[in-house]
Structures are given as C-alpha cells and as structure tokens.
Amino acid sequence: QWVYNILEKKAEADRIVHENPDPSNGFVLVPDLKWNQNQLEDLYLIALVHRRDIKSLRDLTAEHLPLLRNVLQEGKEAVVKRFGVPSSQLRIYLHYQPSYYHLHVHFTALGYDAPGSSVERAHLLADVIDNLAMDSMYYQKRALTFPVRADEPLFKKFQEAGKV
C-alpha cells in the first residue's frame with residue numbers, strides 16, 4: 001500500500017525527485033527511507049514504476065524495454081540535475097528476490113555499500129536491458145541464485161520442501 005500511496009500522491013508527494021506520468025513506461029523517483037538526504041556518500045533513491053502488473057525481475061520481457069530504458073535514462077538525468085552526482089558514480093539495480101513485489105529500481109552512490117547491493121541479489125539495470133534485448137524471455141528461462149536469511153519466511157518454505 002505504501003507504494004500505491006506514493007504513486008497516487010497520497011503520501012510523500014513532496015519527496016518526489018522526478019516523475020514520468022506515462023502509465024505504461026513511467027515511474028516515480030523518490031529518496032529511499034534509508035537515506036537521510038544529508039550527504040551524497042550514501043545516496044539512495046527508488047524508482048517505482050506506474051505499472052502494477054510487473055512484480056519482479058521474473059515478469060520482465062522485451063515488451064518492458066521502453067519502461068526500463070526510461071527508468072535508466074531519466075533516473076540518471078534526474079540524479080545529476082537534483083544532486084549533481086554523475087551517472088558514472090551510480091549503481092542502478094533491481095533485487096531478486098525483492099523485498100516487495102512491485103517492480104522498483106534502486107539508485108545508490110557507487111561507493112555506498114547498500115544492503116542487498118552485492119552480486120548475489122543485485123542485477124544491474126543496464127545488464128537486465130541487454131539480456132532482454134538478446135532474449136525476450138531471458139528472466140523466465142534463467143536460473144537465478146539468491147541468498148535467503150535463516151529468519152525469512154521463504155527459508156522456512158524451502159526447509160519444509162526439503163530444498164535446504
């Protein structure tokens with residue numbers, strides 16, 4: 001509901017850094033709650049797509065390339081314009097598994113070791129775009145390795161299924 005409140009401007013409307021209102025290829029860029037916005041060393045923003053039918057990386061196909069390219073290009077431009085941080089100093093990625101199932105993209109300062117920015121969980125948006133351009137069904141076919149903490153409900157499900 002938090003995501004929908006932001007997209008509908010019922011919450012955090014004053015925190016929006018950039019918005020592309022297009023219902024298919026648009027998104028809202030907002031500071032992540034983990035970032036206090038006082039220093040750029042730990043810059044952390046989230047791009048929330050307007051589409052509600054894309055839950056995670058697994059749902060993406062070549063159909064979504066215009067959306068993903070918009071997020072990448074306009075997001076980088078917005079960060080440079082608002083914060084003066086060049087795109088070469090950004091890490092732009094998606095999580096798999098995500099912490100919530102509404103497609104969102106993380107923008108962090110390259111030098112900041114953000115939670116979940118490691119290779120096991122983070123998939124660089126530029127790589128995602130390239131993979132989908134090569135094979136529209138890339139993320140439906142590919143095995144994706146990801147870490148799961150022992151206290152997560154998903155870990156318990158893996159245990160119950162005898163997969164751990």
Side-chain angles (χ1 to χ4, degrees), residues 1-7 12 15-35 42-80 82-83 85-149 152-155 158:
Q1 191 59 49
W2 168 77
V3 171
Y4 298 144
N5 286 344
I6 291 172
L7 293 174
E12 302 187 42
R15 292 171 33 97
I16 293 174
V17 171
H18 175 77
E19 179 175 18
N20 177 326
D22 184 272
S24 294
N25 297 321
F27 65 99
V28 171
L29 185 65
V30 295
D32 188 275
L33 296 174
K34 295 177 197 73
W35 183 38
D42 59 352
L43 176 135
Y44 198 148
L45 300 115
I46 299 287
L48 303 165
V49 303
H50 284 298
R51 290 183 60 162
R52 296 183 184 204
D53 61 328
I54 312 169
K55 303 299 181 198
S56 78
L57 187 63
R58 286 283 189 206
D59 295 327
L60 294 173
T61 66
E63 169 207 343
H64 304 109
L65 285 171
L67 166 64
L68 298 173
R69 288 178 176 133
N70 275 354
V71 170
L72 183 62
Q73 187 59 40
E74 292 180 24
K76 290 191 297 190
E77 289 170 2
V79 171
V80 169
R82 175 70 76 88
F83 303 106
V85 177
S87 61
S88 64
Q89 297 302 304
L90 294 175
R91 180 180 292 118
I92 305 167
Y93 58 94
L94 296 87
H95 281 147
Y96 190 80
Q97 294 277 334
S99 52
Y100 52 92
Y101 288 89
H102 178 96
L103 189 72
H104 58 284
V105 177
H106 302 258
F107 285 71
T108 63
L110 193 56
Y112 176 47
D113 188 20
S117 65
S118 61
V119 70
E120 298 87 14
R121 189 156 177 225
H123 298 263
L124 296 175
L125 181 56
D127 291 346
V128 170
I129 290 169
D130 286 347
N131 290 336
L132 291 172
M134 283 188 304
D135 181 351
S136 179
M137 302 301 285
Y138 184 88
Y139 289 101
Q140 283 77 35
K141 297 176 187 176
R142 188 175 188 288
L144 295 172
T145 303
F146 56 91
V148 181
R149 291 189 321 268
E152 289 184 54
L154 185 57
F155 182 76
F158 279 126

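This one's a predicted model, so the numbers in the text were calculated from it and none came from an experiment.
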inquiry  = Go through it in stages, so that I can follow the logic: the residues are Arg91 and Tyr112, the test is side-chain contact (heavy atoms from CB on, under 4.5 Å), and I'd like the CA-CA distance, side-chain angles, deciding distance and then a yes or no.
reply    = CA-CA 9 Å; Arg91 180 180 292 118; Tyr112 176 47; 5.7 Å; no

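- By the ring-ring contact (aromatic ring centres under 6.0 Å, His included) test, Tyr93 pairs with His95, His106, sequence neighbours left out.
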inquiry  = Between Thr108 and Asp32, is the side-chain contact (heavy atoms from CB on, under 4.5 Å) condition met? List the steps.
reply    = CA-CA 10 Å; Thr108 63; Asp32 188 275; over 6 Å; no

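- When all heavy atoms are compared, the tightest approach of Arg51 to Leu67 is CD-CD2, 4.5 Å.
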query = Could you go step by step and tell me if Val128 and His64 meet the side-chain contact (heavy atoms from CB on, under 4.5 Å) rule?
reply = CA-CA 11 Å; Val128 170; His64 304 109; over 6 Å; no

ask   = Going through the distances and angles, do His102 and Leu7 end up as a side-chain contact (heavy atoms from CB on, under 4.5 Å)?
value = CA-CA 11 Å; His102 178 96; Leu7 293 174; 3.7 Å; yes

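- Taking Phe107 as the reference, nothing meets the ring-ring contact (aromatic ring centres under 6.0 Å, His included) condition, with sequence neighbours excluded.
- Aromatic rings of Phe27 and His104 (six-membered ring for Trp) have centroids beyond the 6.0 Å cut-off, not under it.
- Looking at Leu60, Asp59, Asp53 one by one, the single match for side chain to side chain contact (heavy atoms under 4.5 Å, CB included) with Leu103 turns out to be Leu60.
- With values rounded to the nearest 0.5 angstrom, Arg69 atom CZ is found 11.0 Å from Asn25 atom CG.
- Residues Leu154 and Gln97 share a closest heavy-atom pair of CD2-CG, 4.2 Å.
- Annotation for Arg15 and Leu33: closest pair NH2-CD2, 3.7 Å, computed over non-hydrogen atoms.
- Summarising the geometry, atom CE belonging to Met134 is positioned 12.0 Å from atom OG belonging to Ser136; distances are rounded to the nearest 0.5 Å.
- Asp135 has its side chain out of reach of Arg142: every pair of non-hydrogen atoms, C-beta onward, lies at least 4.5 Å apart.
- What you find for Val28 and His50 is that their closest heavy atoms are CG2-CE1, 3.6 Å.
- With hydrogens and angles disregarded, a donor-acceptor distance shorter than 3.5 Å links the side chain of Gln140 to the backbone of Arg58.
- When all heavy atoms of Tyr139 and Leu57 are compared, the pair lying nearest together is CB-O, 3.4 Å.
- Here salt bridge (Lys or Arg N to Asp or Glu O under 4.0 Å) pairs that include residues 92-117, with residues two or more places apart or in two chains, number zero.
- Distance alone, capped at 3.5 Å, places no donor-acceptor pair between the Asn131 side chain and the Tyr138 backbone.
- Here the side chain of Gln89 pairs no donor or acceptor atom with the backbone of Pro86 at under 3.5 angstrom.
- Residues satisfying the ring-ring contact (aromatic ring centres under 6.0 Å, His included) test with Phe158, not counting sequence neighbours, are none.
- Looking at residues two or more places apart in sequence or on another chain, you find no side-chain contact (heavy atoms from CB on, under 4.5 Å) involving Asp130.
- Going from atom CH2 of Trp35 over to atom CG of Leu45 covers 5.5 Å, rounded to the nearest 0.5 Å.
- Under the ring-ring contact (aromatic ring centres under 6.0 Å, His included) criterion, Phe146 pairs with Tyr96, not counting sequence neighbours.
- Leu90 contributes atom CG, which lies 9.5 Å from atom CG of Leu72 (distance to the nearest 0.5 angstrom).
- Atoms CD1 and CG, from Ile129 and Leu125 in turn, are 4.0 Å apart once rounded to the nearest 0.5 Å.
- The distance from the CZ atom of Arg121 to the OG atom of Ser99 is 6.0 Å, given to the nearest 0.5 Å.
- The backbone N or O of Pro31 lies less than 3.5 Å from no partner atom in the side chain of Lys34, so there is not a single donor-acceptor pair.
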